[in-house]
Amino acid sequence: MNGVHDMGGMHGMGAIKRDKNEPVFHARWESRAYGVTRAMGGWRLWNLDASRFQRELIAPVDFFQMSYYERWIAALVELMLKNKLVTRAEVESGRPDAGAPVRTPTFTAEKVPALISKGSSARRDIAAAPGYRVGQRVRARNINPVGHTRLPRYARGKAGTVDRDHGVFVFPDKNALRGLIGCRHRGHRLHPAKFSR
């Protein structure tokens, strides 16, 4: 996706201010935004890549005015609406609609430590011959997809050398689209080539 979020290598965005003692969260609401977003992922109606892509769909004018966790909440609300977990009226009022179904969360407090400590790996134990070998010269394709891609603009069309083979992983570009339409996290595909020889 060619959007405002893909800022790597761009000029004119101002200096990066580093804080040696920066806290994990700057305010209590940020930790709650993180927690709610992770907990809602427990419904398994979307995946991590879809969550990222939903943040990328925020309009540029809004994207630059929002803080990092404001983007998380804006994307979460849209995912919940798309997957019919809430209605627009419920979001605006902060109350459940009359007659709204009561759902029992699948993600419980007991599951939090395991999720936070090890997460969920995108690695897949699939026997597949690598398309490229370590030391081989490759060139990233100069693609400009309409949807989500993890190939940043600054790397498109650039040449490089394969440094290592990490194995087989879920292809985030396709996985994001699978998750945005409310499908469950299943049926992963092998990573297609993003490079030309």
Side-chain angles (χ1 to χ4, degrees), residues 1-25 30 34 37-38 41 44 46-58 60 63-64 66-69 71-72 75 79 112-181 183-197:
M1 179 175 196
N2 295 318
V4 296
H5 66 281
D6 188 4
M7 295 187 283
M10 288 181 69
H11 297 283
M13 303 305 285
I16 296 173
K17 296 175 185 173
R18 294 180 183 252
D19 182 351
K20 288 183 181 179
N21 300 309
E22 184 173 11
V24 175
F25 301 108
E30 291 182 340
Y34 173 83
T37 302
R38 294 297 297 267
R44 301 184 63 81
W46 57 83
N47 55 53
L48 176 63
D49 298 311
S51 209
R52 286 181 176 137
F53 186 25
Q54 189 64 56
R55 289 193 289 272
E56 293 165 5
L57 293 174
I58 296 170
F63 189 90
F64 283 123
M66 291 178 177
S67 70
Y68 182 74
Y69 283 107
R71 293 176 194 141
W72 275 48
L79 287 169
V112 171
L115 176 70
I116 299 302
S117 66
K118 65 178 183 175
S120 175
S121 178
R123 180 185 291 275
R124 296 297 175 256
D125 188 19
I126 298 171
Y132 304 93
R133 67 183 183 286
V134 173
Q136 183 176 356
R137 292 284 293 165
V138 295
R139 180 176 300 278
R141 290 188 177 170
N142 189 6
I143 59 173
N144 292 284
V146 174
H148 174 78
T149 182
R150 295 301 297 265
L151 179 59
R153 252 190 315 256
Y154 68 82
R156 296 177 197 170
K158 303 297 189 292
T161 304
V162 176
D163 181 65
R164 68 193 77 168
D165 178 357
H166 289 283
V168 178
F169 285 78
V170 171
F171 185 44
D173 300 32
K174 296 289 183 193
N175 203 38
L177 298 177
R178 188 173 293 114
L180 273 182
I181 58 174
C183 295
R184 295 183 180 275
H185 197 91
R186 63 174 186 250
H188 305 292
R189 294 172 42 167
L190 295 179
H191 190 309
K194 281 189 186 174
F195 304 98
S196 56
R197 296 188 198 291

When you measure from the side chain of R156 to the backbone N and O of I143, does any donor-acceptor pair fall under 3.5 Å?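 Yes, because the side chain of R156 sits within donor-acceptor range (under 3.5 Å) of the backbone of I143.
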Could you check whether any side-chain N or O of N175 sits under 3.5 Å from a backbone N or O of A50, counting only pairs where one atom can act as donor and the other as acceptor?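 No; zero donor-acceptor contacts below 3.5 Å.
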Taking all heavy atoms of [X] and all of [Y], pick out the closest pair and write down the distance.
X    : Y    : answer
A155 : L151 : CB-CD1, 4.1 Å
A75  : S51  : CB-O, 4.3 Å
R164 : V134 : CA-CG2, 3.8 Å
R139 : G157 : NH1-O, 2.7 Å
F53  : A176 : CB-CB, 4.0 Å
W72  : R55  : CD1-CD, 3.6 Å

S121: which residues meet the side-chain hydrogen bond (donor to acceptor under 3.5 Å, both in side chains) condition with it, sequence neighbours left out?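 Partners of S121 by the side-chain hydrogen bond (donor to acceptor under 3.5 Å, both in side chains) criterion come out as none, since no residue qualifies.
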Checking S67 now: which residues fulfil side-chain hydrogen bond (donor to acceptor under 3.5 Å, both in side chains) with it, not counting sequence neighbours?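 Listed in chain order: E70.
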Would one find more than 12 heavy atoms of other residues, nucleotides or ligands at under 6.0 Å from atom CG of D125?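 No, not enclosed.
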Quick one, D49 and F171 - any side-chain contact, counting heavy atoms below 4.5 Å?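 No, every pair of side-chain atoms sits at 4.5 Å or beyond.
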Considering only heavy atoms from C-beta outward, does the side chain of V162 approach that of R133 to under 4.5 Å?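 No. Closest side-chain heavy atoms not under 4.5 Å.
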So, taking the atom named [atom1] in [X] and the one named [atom2] in [Y], what distance separates them when rounded to the nearest 0.5 Å?
X    : Y    : atom1 : atom2 : result
R52  : L57  : CZ    : CG    : 14.5 Å
K174 : T149 : NZ    : OG1   : 10.0 Å
R71  : I58  : CZ    : CD1   : 7.0 Å

Report the residues that fulfil salt bridge (charged side-chain N to carboxylate O under 4.0 Å, His left out) with R38, sequence neighbours left out, ordered by chain and then residue number.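 Residues passing salt bridge (charged side-chain N to carboxylate O under 4.0 Å, His left out) with R38: none at all.
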Check the orientation of F169 and H166. Use parallel for under 30°, tilted for 30 to 60°, and perpendicular for over 60°.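 The rings of F169 and H166 stand perpendicular, inter-plane angle above 60°.
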Between Y69 and Y34, how do the two ring planes meet: parallel, tilted or perpendicular, split at 30° and 60°?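 Taking Y34 first and then Y69, their aromatic rings stand perpendicular (interplane angle over 60°).
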